[in-house]
Every structure is written in C-alpha cells, then in structure tokens.
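Below: one structure, written as structure tokens.
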Amino acid sequence: MTATMAENHAQIKAKLISETRRRFEAEYVTEKSDKYDPRDVERLQQDDNWVESYLSWRHNVVEETLKMLDESFQWRKEICVNDLTESSIPRWLLEIGGIYLHGYDKEGNKLFWIRVKYHIKDQKTILDKKKLIAFWLERYAKRENGKPITVMFDLSDTGLNSIDMDFVRFIINCFKVYYPKYLSKIVIFDMPWIMNAAFKIVKTWLGPEAVSLLKFTSKNEVQDYVSVEYLPPHMGGTDPFKYSYPPLVDDDFQTPLCENGPITSEDETSSKEDIESDGKETLETVPNEEQTALLKKLNPSEPTSKVEENEKGDSKIKSFKKPLSVFKGPLLHISPAEELYFGSTESGEKKTLIVLTNVTKNIVAFKVRTTAPEKYRVKPSNSSCDPGASVDIIVSPHGGFIVSAQDRFLIMAAEMEQSSGTGPAELTQFWKQVPRNKVMEHRLRCHTVESSKPNTLTLKDNAFNMSDKTGEDIYLQEKPSVETHRRCSLLCKKTPNQK
C-alpha cells in the first residue's frame, strides 16, 4: 500500500468513526440514554479502536453499525458488564471449571475453553453462566484490546441434558454483536452425531460469512489448530494443566521478580556468582581486542597479560546460543522470533538470550513481562534502546524452578520523544502515559532442549560485535520461513505508523 493510499484509507476511517459517533449520539443516545451505561457512551466517544471494531464487523456500513451498537450497549447495561468482578460470579461456577481462559492455538490466539459436560440446562443458573462468559471476555478484551480469541467447545463426555441451545446462542451473539472482531474460530471437539441437527441451527445463527469459523474436529483433526502442549490428554495432548480455583486461571503477564539485579532473598554468594557469570557471558559477544579493552576498564590495575591469561583459562565462561530467527516488528526486530530455547539442567545451558534491535529513528522504551514472574531473572527487563542499536536481554530460571512450555514472555515497546529521559523514573512515567495503541507487543514461548538446536549459533571469542551490525547482519543471513512470518505476525499486535 502506497503512502497516498494509506493516507486516504486513514481519512476514510476517521470520517466513518466521526459519523458513527455523531449519529449514535443524535439518533440513539438522546432517546435511549436510560438504556445505556454512561461509561460505554463516553468510551465510544474516546476509543477509536472500539468504534472501528463495530464498523469493521458491519463492513463499514454506518446504518448497520448503529443498530449493532444499540443492541450491544443495551446488553452491556442489562448484564452490568462494566461492574462484573470475580465476586459477581457464584463461587461454585468458578470452582467447577466449565469456562476459563488457558493456553494458545497455533496462531498465537488465546484459548477460551467451554467444557460442555459441566453445564446442566437450568433456567435458575443461566444468567450467572452468561455473566461468567461476559466476565472472562470483558477481562480479556480490556487487556488485549482487539487480539482474537479461539473458542474451544469441548463436547467430550457430553449428554443431551448438557446441551442448552439458548446458552449456545448467547455465546454466538457475544462474538457477533457484543465483542466484534474477537473471534478467530470455534473449534468443536468430539460432537456426538445426535447433535448434528442442533449445530445446523448454530450455523444459521453465525451467518454465511462466519460459518467458516466453525471447525469440527476429533482427536486427529484438533491438532491442526492447537499443538499438543496446549491440549489435554483426552484430546491427544500433553498439557498437564489441571483446573482449580482459587485463584483465577489466567496467563496474566507480570513483571519478573528480579528486574535488573540480584534477588535480595537469595544466598549472597550465589547472587554474586550469577552476576559475575552474566557479565562474562555478555562479554562473549565482543571481539577479542574490544573484550580485552573492556576487561581493562573493569579491572584497570590488572595487567594485559593476566587478562589474556584469564580469557584462556577461565573454563566457567559459557557460550551463549545466538538466536538466528527474527521477528521484524515496526519498532523492534526481536530474536528469536517465536521460542526461547533453554538448555536442560543436565546440559548446563539454562540461560537464553533475547536480542532487541531498534529499527526506528527514535529511542524505543521496552519492558519484558512473563506469565511466571517467580521463576525467571530478566536482565534488563525495563530499559530503552537507542536508534539503530541492539540490546541483549539475558533470561534465566532461578531458585530450582524448571522451565515449562506453558510459560510465556511478552516484549512491550514504544517510541519515546527525543527530549524524554531514560532513567528509571522517566521510564516509569512514560509507561503510565503512553497510549495502548502506540505499544508494540510480541509474545515468545518457552522450550527446553537437551542439546543445541539448529536455529541457534554458539558464540565464541571471535564473535562479531552486534552493536556495529545491521539487523540483517545480526541474524546471520538466515531468513525465517514464510510460515514463521505468518505466525509471528499473528503473535504480535502491531502498532500503526507513528512518526
């Protein structure tokens, strides 16, 4: 798309958003203000992405979009969506494990599990079950801001008394009307033949455009959409996850326990050794001459000959695995592209490396978050990267914790103004103020290997200086496959052009 076309597209979008807001206020709010939550009306006037999600689902036809907004807003007030909390849901519904978020499909979309066998048709509890669906979707929508979700409709061990077509229709409406653009697909697993007629009706509810999102699967086909690491054993998977409550089952990304230094609660000697080890490993990305000079700076009183002797004799220096695959985001190139490979305890290569390269003309602030903050050290986890520069982030498990395929890392990045400071206080203030739609996000999975993978390279003393290389040089001529690019683009929520 040329710059002119992109500009025209942006102008048309802005015009449609403005018209939708104006007409909804004039034609609906003035007559039905008591039927809407004022917080939703206010958000509609301020959140362009929200308006656009409704317009997009209605093919930018404003008239149809207004009807959809009216239905959605009335429902949101009736069910008190903005006020739903964990305490709004009966505890037994949360404990039974029939509805929850957990895991990802092969495209990086979050999985929304509906275990139908735990649902018994009962008019007395149907409203609470609908609130539970709304609670999870609203919670997800506020956090992910438009990233699609995959519904796992698990019909295994389901009897007819568990089939409630009113409830199924509500779920369909959630994605057709209440949360437009959030549905990636509905994976229906192990549907009994006796229910074929019922799901023919479901197809009519979805409509011709969305019916292709229904994926009927058995144990053989379900792995086309979700890898075995996120499938339970009864689906042919290896996921050891067992639902329990409390707390809420979720993959919230949090700041790692140790951001930029040793953990104070650890043994002092162990912490010191780790810090020294981290310094040595970082130095291994620098060529011999520069490494010697840097060591001199760190130890000015030490003779050059002793430095060289230490370089040759220190057997504790471990070589890093330099990732070759790269995700090319609008602000940062991130390597590896999809998975962090950790060595096993036996291999002695437990740490791994994330390389960030700033491809903008401005300073880019970044921070790293994880679903398992108690398990990992990340150094640095909250910092900035100068234009054209690269930053090495060392990730290591600690305290005897074992790396799990369930663990996820989130890289967040945003451009800073030229005049902005990059100290801890300035970065904290920056992240409080930066708009969500200006933040680039990219997710990485974790993987443990017994030996080195073919998509990594061991860095020796004659490794190149990364800071002097371009993004193409850094990743050593190897280009990710088309499939890698496709999956990576789905894993990262890209930001619009910002400068």
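By convention here, the first residue in the shown sequence is residue 1.
Scanning for salt bridge (charged side-chain N to carboxylate O under 4.0 Å, His left out) contacts around Asp40 gives Arg76, with sequence neighbours left out. With sequence neighbours left out, Lys367 forms a salt bridge (charged side-chain N to carboxylate O under 4.0 Å, His left out) with no residue at all. Residues that satisfy the salt bridge (charged side-chain N to carboxylate O under 4.0 Å, His left out) test with Arg169, not counting sequence neighbours, are absent from this structure. Applying the side-chain contact (heavy atoms from CB on, under 4.5 Å) criterion to Ile120, with sequence neighbours excluded, gives Asn161, Ser162. Annotation: salt bridge (charged side-chain N to carboxylate O under 4.0 Å, His left out) contacts of Lys13 (sequence neighbours excluded): Glu52.
A pairwise comparison of heavy atoms in Arg445 and Glu229 identifies CD-OE2, 4.1 Å as the closest pair. Across all their heavy atoms, Cys446 and Tyr376 have their closest contact at SG-OH, 4.0 Å. Nearest heavy-atom pair across Phe175 and Leu183 is CD2-CB, 3.7 Å. Between Lys375 and Asp407, the shortest heavy-atom contact is NZ-OD2, 2.7 Å. The shortest heavy-atom contact between Ala337 and Ser325 is N-OG, 3.1 Å. Closest approach of Val326 and His333 over heavy atoms only: CG2-CB, 3.9 Å.
The distance from atom CG of Leu69 to atom CZ of Arg58, rounded to the nearest 0.5 Å, is 11.0 Å. Going from atom CG of Leu155 over to atom CE of Met152 covers 11.0 Å, rounded to the nearest 0.5 Å. Taken to the nearest 0.5 Å, the CD1 atom of Ile186 stands 8.0 Å off from the CD1 atom of Ile171. For the atom pair NZ (Lys181) and OG (Ser53), the distance works out to 6.5 Å, reported to the nearest 0.5 Å. Glu415 CD to Leu331 CG: the interatomic distance, rounded to the nearest 0.5 Å, is 5.5 Å. One finds the CD1 atom of Ile79 at 13.0 Å from the CZ atom of Phe135 (value rounded to the nearest 0.5 Å).
Under the 30°/60° scheme for interplanar angles, the aromatic rings of Trp50 and Phe73 are found to lie parallel. Between Phe241 and Tyr100, the two ring planes are tilted [angle within 30° to 60°].
A salt bridge links Glu107 with Lys185: the closest approach of a Lys/Arg side-chain nitrogen to an acidic carboxylate oxygen falls below 4.0 angstrom. Taking a cutoff of 4.0 Å between a charged side-chain nitrogen and a carboxylate oxygen, Glu95 and Arg91 qualify as a salt bridge. We find that Arg21 and Asp47 are not joined by a salt bridge, their nearest charged nitrogen and carboxylate oxygen being 4.0 Å or further apart. Using a 4.0 Å cut-off between charged side-chain N and carboxylate O, Glu63 and Arg23 make a salt bridge.
Side-chain atoms of Leu410 and Glu441, non-hydrogen and from C-beta on, do get closer than 4.5 Å to each other. Looking at Val378 and Phe409, their side chains come closer than 4.5 Å, going by heavy atoms from C-beta outward. Considering only heavy atoms from C-beta on, Asp83 stays 4.5 Å or farther from Ser88 through its side chain. No side-chain heavy atom of Trp113 sits less than 4.5 Å from a side-chain heavy atom of Ile99. At a threshold of 4.5 Å between non-hydrogen side-chain atoms, the residues Arg369 and Asn382 do not count as touching. Side-chain contact between Met416 and Val364: absent, with no pair of heavy atoms (C-beta onward) separated by less than 4.5 Å. A 4.5 Å side-chain heavy-atom check between Ile89 and Asp128 finds every atom pair outside the cut-off. Within the 4.5 Å cutoff, no side-chain heavy atoms of Lys110 are placed close to those of Thr150.
A donor-acceptor distance shorter than 3.5 angstrom exists from the side chain of Asp105 to the backbone of Asn109, with no hydrogens or angles considered. No side-chain donor-acceptor contact under 3.5 Å links Ser18 to the backbone of Lys15. Judged purely by atom type and a 3.5 angstrom limit, Thr125 uses its side chain to pair as donor or acceptor with the backbone of Asp122. Under the 3.5 Å distance criterion, the side-chain polar atoms of Glu64 are left unmatched by any main-chain donor or acceptor of Val61. Distance alone, capped at 3.5 Å, places no donor-acceptor pair between the Lys328 side chain and the Ile334 backbone.
Annotation: cation-pi pair Lys130/Phe167 absent, no NZ/CZ under 6.0 Å from the ring centroid and within 45° of its normal.
Screening Asn49, Asp48, Val62 for a side chain to side chain contact (heavy atoms under 4.5 Å, CB included) with Ile17, the sole residue that qualifies is Asp48.
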Show the atom names and distances, to 0.1 Å, of all donor-acceptor pairs under 3.5 Å that link a side chain in residues 425-434 to residues at least two apart or in another chain.
residue : atom : partner : partner atom : Å
Glu426  : OE1  : Gly423  : N            : 3.2
Thr428  : OG1  : Pro424  : O            : 2.9

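For an aromatic pair to be called close, the ring centres must be under 6.0 Å apart, and Tyr230 with Tyr225 fails this. Separation of the Phe342 and His447 ring centroids does not fall under the 6.0 Å cut-off.
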Does the side-chain hydrogen bond (donor to acceptor under 3.5 Å, both in side chains) test come out yes or no for Glu339 and Tyr341, once each step is laid out?
CA-CA 6 Å; Glu339 289 189 312; Tyr341 286 99; 2.9 Å; yes

Which is it for Arg39 and Asp37 under the salt bridge (Lys or Arg N to Asp or Glu O under 4.0 Å) test, yes or no, and what are the steps along the way? CA-CA 5 Å; Arg39 289 168 290 184; Asp37 187 324; 2.9 Å; yes

Using the rule given for side-chain hydrogen bond (donor to acceptor under 3.5 Å, both in side chains), can you reason through Asp190 versus Ser156, listing the C-alpha separation, both sets of side-chain angles and the distance that settles it, and then say yes or no?
CA-CA 5 Å; Asp190 206 14; Ser156 56; 5.1 Å; no

query: How far apart are the C-alpha atoms of Phe153 and Phe216, what are their side-chain angles, what is the distance that settles it, and do they pass the ring-ring contact (aromatic ring centres under 6.0 Å, His included) test?
result: CA-CA 10 Å; Phe153 215 81; Phe216 294 90; over 10 Å; no

| Can you check side chain to side chain contact (heavy atoms under 4.5 Å, CB included) on Ile393 and Phe366, steps first, answer last? | CA-CA 11 Å; Ile393 299 173; Phe366 68 86; 3.6 Å; yes

**Message:** Go through it in stages, so that I can follow the logic: the residues are Thr360 and Asn358, the test is side-chain hydrogen bond (donor to acceptor under 3.5 Å, both in side chains), and I'd like the CA-CA distance, side-chain angles, deciding distance and then a yes or no.
**Reply:** CA-CA 6 Å; Thr360 75; Asn358 184 348; 2.8 Å; yes

Subject >> Step-by-step side-chain hydrogen bond (donor to acceptor under 3.5 Å, both in side chains) determination, Gln74 to Tyr28 >> reply: CA-CA 11 Å; Gln74 288 194 55; Tyr28 289 85; over 6 Å; no

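At most 12 heavy atoms of other shown residues, nucleotides or ligands fall within 6.0 angstrom of atom NZ in Lys35.
Between the side chains of Tyr140 and Glu138, no donor N or O sits under 3.5 Å from an acceptor N or O. Judged purely by distance below 3.5 Å, without hydrogens or angles, the side chains of His234 and Asp154 pair a donor atom with an acceptor atom. Remark: the Thr65 side chain and the Thr20 side chain contain no N/O donor-acceptor pair separated by less than 3.5 Å.
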